[in-house]
Number of protein chains: 2
Amino acid sequence: MATTMSEPIARTSLHDQVVDRLRDMIVEGELDPDTRINEKALCERFGISRTPLREALKVLASEGLVELMPNRGATVASFTSEDLDETFPIIGALEALSGEIACEQITDTEIAEIRALHYQMVLHYQKGELHEYFQINQTIHEKILAATHNGTLTNIYNSLSGRVSPARFRANMSKPRWAEAVEEHENILKALEARDGQTLSRLLKTHLANKRESVREALFSEDGAAV
Amino acid sequence: MATTMSEPIARTSLHDQVVDRLRDMIVEGELDPDTRINEKALCERFGISRTPLREALKVLASEGLVELMPNRGATVASFTSEDLDETFPIIGALEALSGEIACEQITDTEIAEIRALHYQMVLHYQKGELHEYFQINQTIHEKILAATHNGTLTNIYNSLSGRVSPARFRANMSKPRWAEAVEEHENILKALEARDGQTLSRLLKTHLANKRESVREALFSEDGAAV
DNA sequence: TAGGCACATATTGAATTCAAAATAATGTGG
DNA sequence: CCACATTATTTTGAATTCAATATGTGCCTA
């Protein structure tokens with residue numbers, strides 16, 4: 001079965017490169033949601049014709065990152081409070097599953113890696129370095145995912161969390177929530193070390209539920225506008 | 001956020017129609033896995049040019065239904081025993097989640113619908129009508145999913161289960177497994193009526209785990225070949 | 001006859017072209 | 001001056017074209 005997103009296999013085809021590049025641009029916030037994507041401009045920028053660009057847009061639309069309006073072009077999909085409520089439970093369920101599987105499969109070395117990352121992350125927390133914290137945080141979740149050796153799971157997870165990750169979402173986090181998150185991670189590490197799949201699964205699920213509220217606050221609190 | 005697969009919205013664009021039509025052909029087993037898809041032939045059959053067909057192929061590749069080899073064309077993705085082990089736990093987790101959410105949201109009417117379907121399905125079981133049984137079985141799972149009112153969940157679920165559903169997979173089921181499945185469904189209905197999300201979630205998960213073995217047997221037992 | 005080698009054919013990937021639709025600009029009447 | 005219709009321009013969707021790559025065929029040689 002073709003797994004399209006994760007493996008770093010030969011990327012000879014222009015089309016694949018464009019998909020990746022466009023996805024990056026969206027995630028990095030270079031393209032604003034709800035404003036029409038100018039095909040011609042993008043083509044010139046990429047130095048390609050419209051054919052591969054349009055193919056890429058259609059793939060990204062099927063991933064949910066792009067919205068296509070017939071005869072009226074494409075836009076970066078906006079992310080609403082409703083989308084938050086639809087996606088996070090799913091992400092939570094997938095993380096819970098990954099925790100369960102990981103506990104059965106993970107090696108001591110892999111755990112050691114995650115442990116090292118964890119304490120590095122705690123350090124960033126103590127220094128108040130939010131960006132670096134997020135960076136390592138994401139890496140830890142990716143490591144757990146990788147320990148499942150389930151490429152399909154990884155792909156689906158990445159695709160879903162990609163909808164949430166545009167740069168504007170890595171904004172900020174309240175002090176008490178941050179402390180709580182670190183504590184949750186403390187417990188996640190313990191469960192992983194004990195290879196207690198049930199507990200890890202439960203922890204990850206509530207971790208995600210809390211994160212959802214944290215993201216909601218960061219996104220939809222003051223201005224109320226869907227970004 | 002764009003949800004591409006479920007809503008029955010206006011399908012004006014040729015590209016979307018082709019995606020649906022091709023997906024149907026794959027699921028119905030009209031195209032054999034691992035044999036090259038002839039673009040020209042398909043174009044003539046559909047009465048279209050290669051551009052929209054190739055766009056569709058790329059979308060289906062990102063869904064995992066089609067495999068693209070650079071400069072060597074596309075094939076329907078084959079489904080191996082490993083794919084089975086990768087997909088079913090995910091489908092199980094998604095069904096478990098859908099059960100949980102459904103219990104919180106489902107109306108009495110919706111439960112009544114499912115109950116009616118359930119007993120219709122039991123009847124088909126007693127008559128030994130496998131095909132009709134599968135049909136209603138799938139409808140029941142779809143109804144539970146629909147009760148979540150989570151379009152994203154529905155899309156991901158459909159996309160995943162689409163990889164398993166090609167016609168050849170609806171082959172057969174052993175007598176004892178069939179009896180077991182019906183009993184599981186009996187309990188699923190009970191949990192739903194009691195709106196016991198925890199139990200329903202657990203039941204669905206094991207239901208899927210059992211189904212995985214049933215499918216494996218049907219697929220990879222005698223000839224051993226990956227279809 | 002089997003194993004390459006050169007050439008012809010077919011298929012793919014991507015650019016270009018063209019018609020249809022939407023958007024912007026212009027002009028006209030109230 | 002604004003509302004609306006009409007015309008130009010742009011943008012989209014899809015077919016066509018063209019170069020690059022892969023596949024197939026016949027021929028030659030050992």
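Note: hydrogens, waters and symmetry copies are ignored here, and every other heavy atom, side chains too, is used. Everything numeric here is computed off the predicted structure, so don't read it as measured data. Here is how names work: the chains are called A, B, and so on, in the same order as the sequence lines, proteins then strands, and each is numbered from 1.
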* Asked: Separation of B:Asp16 atom CG from D:dA14 atom P, in whole Å?
  -> 9 Å

* To do: Looking at every strand, decide which applies to A:Arg36 at a 4.0 Å heavy-atom threshold: base, sugar-phosphate, or nothing.
  => sugar-phosphate

* Asked: When you check the phosphate oxygens OP1 and OP2 of C:dA14, does a side-chain N or O of A:Thr51 lie under 4.0 Å from one of them?
  -> no

* Asked: Checking side chain to side chain contact (heavy atoms under 4.5 Å, CB included) against A:Val76, which of A:Ile37, A:Thr35, A:Leu22, A:Asp32 comes through?
  -> A:Ile37

* Give a yes or no on whether a donor-acceptor pair under 3.5 Å exists between the nucleobase atoms of C:dG13, that is its base, and the side chain of B:Arg72. => no

* To do: For the residue pair B:Thr87 and B:Arg163, confirm or rule out a side-chain donor-acceptor distance under 3.5 Å.
  => no

* **Candidate nucleotides D:dA14, C:dT11, D:dT11, ranked by approach to the side chain of B:Ser49 - the nearest** => D:dA14

* Closest nucleotide of DNA chain C for A:Asn71 versus for B:Ile37: which of these residues is on the 5' side? -> B:Ile37

* Structure fact -> Taken to the nearest whole Å, CD1/A:Ile48 to C1'/C:dA15 is 11 Å

* Please give, in whole Å, the distance from D:dA20 P to A:Leu14 CG? -> 15 Å

* Structure fact -> Of the listed D:dA14, C:dT12, D:dT12, the closest approach to the A:Glu39 side chain comes from D:dT12

* To do: Taking only Lys NZ, Arg NE, NH1 and NH2, and the carboxylate oxygens of Asp or Glu, determine whether B:Arg72 and B:Glu67 approach each other closer than 4.0 Å.
  => no

Kindly list each side-chain donor-acceptor pair under 3.5 angstrom involving residues 41-49 of chain B, sequence neighbours excluded, with atom names and distances?
unit_1, atom_1, unit_2, atom_2, d
B:Arg45, NH2, B:Glu30, OE1, 3.0
B:Ser49, OG, B:Thr51, N, 3.4

* To do: For A:Asn38 and C:dA24, give me the distance from atom CG to atom C1', rounded to whole Å.
  => 15 Å

* Under 4.0 angstrom, heavy atoms only, what part of the nucleic acid is B:Leu57 near: base, sugar-phosphate, or nothing? -> nothing

* To do: For B:Glu55 and D:dA15, give me the distance from atom CD to atom C1', rounded to whole Å.
  => 12 Å

* Asked: Roughly how many Å is it from NE2 in B:His15 to P in C:dA20, rounded to a whole number?
  -> 22 Å

* Asked: Roughly how many Å is it from NZ in B:Lys40 to P in D:dT17, rounded to a whole number?
  -> 14 Å

* **Gap between atoms CG and P, on B:Leu42 and C:dT11 respectively (whole Å)** => 13 Å

* To do: Using a strict 4.0 Å threshold on nitrogen-to-oxygen distance, state whether B:Asp20 and B:Arg23 make a salt bridge.
  => yes

* Give the nucleotide from the list D:dT17, C:dA15, C:dA21 with an atom nearest to the side chain of B:Arg50. => D:dT17

